[in-house]
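For reference, the structure discussed in these notes is given below.
Keep in mind it's a predicted model, so treat the numbers as computed, not measured.
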Amino acid sequence: MQGQAPTLPLTVLGGYLGAGKTTLVNHLLRNAGGRRLAVLVNDFGALSIDETLIESREGNLLSIAGGCVCCSFGSDFMAGLMQMAALDPAPDHLLVETSGVALPGAVARSAALLQAIRVDAVVVLVDAETVRARAADRYLGDTVTRQLAEADLVLVNKVDLVDAAARPALKDWLAARAPRAGLLECERGRVAADVLLGLQRGAARATGALSGGAMRAPEDAAARYASAHFELDGRVDAQALAARLAAPALGLLRAKGIVRDADGRLVVLQLVGARVALDAAPVGARPGPL
């Protein structure tokens with residue numbers, strides 16, 4: 001357990017070409033809800049930020065409507081991360097958009113080397129209509145399956161293009177190749193920022209799953225997710241609690257809260273899929289709802 005919680009949560013967004021990553025990023029920037037998001041990309045042209053969102057450009061930094069920013073880091077990824085972590089005021093969350101052929105798990109491991117960064121999740125976007133064919137391709141398959149294997153959350157995009165009767169088989173196929181991940185269905189990259197990036201206002205809550213672990217994300221997504229919160233009395237085994245919450249059978253996508261560990265210390269517990277972080281609570285924190 002770390003003695004000091006890192007200051008900037010980071011989500012790595014991966015997925016093969018055509019999965020819809022650019023559409024998703026633009027959707028998040030349009031629906032940040034007053035939060036300051038920072039998007040880190042290798043090249044502005046590759047990401048194609050919606051021109052209607054850009055307020056100004058200065059060097060490798062774009063100012064986006066609503067207080068968000070977008071930074072092009074070129075070939076120096078770690079320098080780009082440090083630049084984002086040093087922003088004043090600091091962003092609420094950092095999103096790294098990788099190329100279609102990149103392995104987002106490796107990107108997350110590199111980012112975790114910086115003390116100012118906490119890796120929140122590795123999110124892999126897939127095209128529901130084509131992912132199985134691409135995974136079977138002799139040239140593309142290894143990349144696709146390796147992306148899935150290290151995902152904490154798999155966004156099954158374009159699910160409206162797949163017949164409803166075929167979706168259970170697709171879900172089972174993805175679950176077998178992404179055993180650590182929660183599965184979240186969406187259309188046109190429309191996912192609530194609260195669920196994808198953990199940007200809940202007020203008390204932290206656990207986000208539960210519907211239909212045996214998969215959740216739909218309609219346009220009014222934020223109002224449609226099943227959620228719950230609970231408070232714990234006294235001390236708990238934080239590691240054991242985290243393991244129970246991360247169990248695939250429970251179907252949680254995300255959970256966050258402050259608990260008192262067995263040794264009496266306050267601990268911040270954060271979970272995305274099977275990824276669990278336990279950090280010392282900041283000074284002045286009090287136990288709060290999960």
Side-chain angles (χ1 to χ4, degrees), residues 6 8-29 37-44 46-48 70-82 84-85 91 93-114 117-128 130-131 134-135 137 139-158 174-186 189 191 193 195-198 246 253-254 270-277:
L8 182 56
L10 175 148
T11 293
V12 180
L13 176 63
Y16 204 76
L17 300 169
K21 297 188 297 295
T22 295
T23 300
L24 172 63
V25 170
N26 279 298
H27 170 75
L28 291 172
L29 291 172
L37 302 182
V39 180
L40 193 61
V41 297
N42 190 52
D43 176 59
F44 286 142
L47 183 58
S48 301
C70 182
C71 176
S72 175
F73 61 84
S75 61
D76 198 338
F77 173 61
M78 300 299 276
L81 287 177
M82 291 187 287
M84 293 292 95
H93 203 104
L94 174 58
L95 178 65
V96 174
E97 195 271 346
T98 65
S99 72
V101 296
L103 298 177
V107 174
R109 287 190 291 274
S110 296
L113 297 175
L114 297 177
I117 299 294
R118 175 181 62 80
V119 177
D120 182 70
V122 173
V123 177
V124 173
L125 195 68
V126 300
D127 181 335
T130 65
V131 62
R134 292 197 167 184
D137 186 277
Y139 301 109
L140 311 180
D142 182 65
T143 297
V144 173
T145 54
R146 290 176 68 186
Q147 288 176 345
L148 287 169
E150 294 191 314
D152 300 306
L153 181 64
V154 173
L155 299 186
V156 190
N157 195 29
K158 308 180 186 180
L174 286 168
R177 286 152 185 81
R180 303 177 61 254
L183 301 180
L184 176 63
E185 296 177 347
C186 62
V191 181
V195 174
L196 185 63
L197 305 178
L253 294 178
R254 179 177 289 277
Q270 303 189 72
L271 176 147
V272 183
R275 181 184 293 270
V276 174

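Remark: Leu184 CG to Leu196 CG distance equals 8.0 Å, nearest 0.5 Å. Between the CE atom in Met78 and the CG atom in Leu114 there is a gap of 3.5 Å [rounded to 0.5 Å]. To the nearest 0.5 angstrom, Thr11 atom OG1 is 5.0 Å from Leu197 atom CG. If you take CG on Leu81 and CG on Leu40, they are separated by 5.5 Å, rounding to the nearest 0.5 Å. Considering CG of Leu17 and CZ of Arg134, their distance stands at 6.5 Å, rounded to 0.5 Å. Residue Ser110 holds its OG atom at 12.0 Å from CD1 of Ile117, rounded to the nearest 0.5 Å.
Between Glu150 and Arg180 the shortest heavy-atom distance is O-NH1, 3.5 Å. When all heavy atoms of Val122 and Pro104 are compared, the pair lying nearest together is CG1-CB, 3.8 Å. Minimum heavy-atom separation, Val154 to Ala181: CG2-CB, 3.8 Å.
Using a 4.0 Å cut-off between a side-chain N of Lys or Arg and a carboxylate O of Asp or Glu, Lys158 and Glu185 do not qualify as a salt bridge.
Contact annotation: the side chain of Leu24 never approaches that of Asn157 to less than 4.5 Å [non-hydrogen atoms, C-beta and beyond]. Annotation: side chain of Val123 is not in contact with side chain of Asp152 (no heavy-atom distance under 4.5 Å). Looking at Leu10 and Asp120, their side chains never come closer than 4.5 Å, going by heavy atoms from C-beta outward. Proximity of Cys71 to Met84: side-chain heavy atoms (C-beta onward) are separated by under 4.5 Å at one or more points. Side chains of Tyr16 and Val126 form no contact here, defined as non-hydrogen atoms less than 4.5 Å apart.
Of the listed residues (Leu148, Val156, Val144), just one forms a side-chain contact (heavy atoms from CB on, under 4.5 Å) with Val124, and that residue is Leu148. No option in Val41, Leu37, Leu13 other than Leu13 meets the side-chain contact (heavy atoms from CB on, under 4.5 Å) test with Val25.
With hydrogens and angles disregarded, no donor-acceptor distance shorter than 3.5 Å links the side chain of Gln147 to the backbone of Gly105. For His27 (side chain) and Val191 (main-chain N/O), a donor-acceptor pair under 3.5 Å exists by modelled atom type.
For Arg177, the salt bridge (charged side-chain N to carboxylate O under 4.0 Å, His left out) criterion is met by no residue, not counting sequence neighbours. Not counting sequence neighbours, Thr98 has no partner by the side chain to side chain donor-acceptor pair (under 3.5 Å) test. A search for salt bridge (charged side-chain N to carboxylate O under 4.0 Å, His left out) contacts involving Asp142 returns Arg146, not counting sequence neighbours.
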Check against side-chain contact (heavy atoms from CB on, under 4.5 Å), Val39 and Leu29: CA-CA 9 Å; Val39 180; Leu29 291 172; 3.9 Å; yes
